[in-house]
Amino acid sequence: MTVTQRRGRKIMMTAGELDAFLADQRTCRVATVSLDGAPHVSALWFLWDGTALWLYSVVRSKRWADLRRDPRVAIVIDTGEEYDALRGVELSGAVEFVGEAPRTGELCAELDAVETLFARKNFGLDAMPHDGRHAWVRLTPEKIVSWDFRKLGGA
């Protein structure tokens, strides 16, 4: 994973700030490449495990079809209304598919912790409710760019 920023080093999040921000946020915007090469952007809940971003996607979605054909993505998570409160992260790279698709709850050790954390964060449950419509995608980012305009201190 590369965390490089040519510009904006002053507003770049530290590793700890990045982890805290991604743990606190719920919704990301996922940009995929459509069959005709056009970008497609959709909103999705996610889980950050400290090294990878986990997405639980509907398998009969345009997003899923795009990723099956071309696993490259750019994902943005951001917050803030006023200029001096804007914070965010862009992660990019190629995704990997993990577990069965669609997910029915078949044993998969790699998903045990992910599903427990995702269920608690997004559903307030201790176990993942499998509906036979979703499946897991993992992005271990090749590149991360972050910003926290609060660091500008009104400048």
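All values below come from the heavy atoms of this structure, side chains included, with hydrogens, waters and symmetry mates left out.
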Original post:
Among all residues two or more places apart in sequence or in another chain, which pass the side chain to side chain donor-acceptor pair (under 3.5 Å) test with T27?
Top reply: none
**OP:** Could you pull out all residues at least two apart from D49 that satisfy side chain to side chain donor-acceptor pair (under 3.5 Å)?
**Re:** T51, W54
Calculate, to the nearest 0.5 Å, the distance between atoms [atom1] and [atom2] belonging to [X] and [Y] respectively.
| X | Y | atom1 | atom2 | result |
| --- | --- | --- | --- | --- |
| N122 | Y56 | CG | OH | 11.5 Å |
| R103 | E115 | CZ | CD | 4.0 Å |
| W64 | L55 | CH2 | CG | 9.5 Å |
| F46 | F118 | CZ | CZ | 9.5 Å |
| C28 | L47 | SG | CG | 11.0 Å |

Has [X] got a side-chain atom pairing as donor or acceptor with [Y]'s backbone, closer than 3.5 angstrom?
| X | Y | value |
| --- | --- | --- |
| S146 | M13 | yes |
| R26 | K121 | yes |
| R68 | P71 | no |
| E81 | A85 | no |

Path from [X] to [Y] over hydrophobic side-chain contacts below 4.5 Å:
| X | Y | result |
| --- | --- | --- |
| L53 | L117 | no |
| W48 | I77 | yes |
| W45 | L111 | yes |

Subject >> Distance under 6.0 Å and angle within 45° of ring axis: K10 vs F149 >> reply: no
Taking atom types as modelled, is there a side-chain donor on [X] or [Y] under 3.5 Å from an acceptor on the other?
| X | Y | answer |
| --- | --- | --- |
| W136 | E110 | no |
| S34 | K62 | yes |
| E106 | H130 | no |

Subject >> Step-by-step salt bridge (charged side-chain N to carboxylate O under 4.0 Å, His left out) determination, R120 to D126 >> reply: CA-CA 6 Å; R120 286 179 185 156; D126 287 328; 3.3 Å; yes
Contacts under 3.5 angstrom, residues 89-96 side chains, donor-acceptor by atom type, not counting sequence neighbours:
unit_1, atom_1, unit_2, atom_2, d
E96, OE1, R138, NE, 3.3
E96, OE1, R138, NH2, 3.2

Original post:
Taking 4.0 angstrom as the limit, do E17 and R87 come out as a salt bridge?
Top reply: no
Subject >> Carboxylate-amine/guanidinium proximity below 4.0 Å for R29 and D78 >> reply: yes
Original post:
Considering only heavy atoms from C-beta outward, does the side chain of D66 approach that of R63 to under 4.5 Å?
Top reply: no
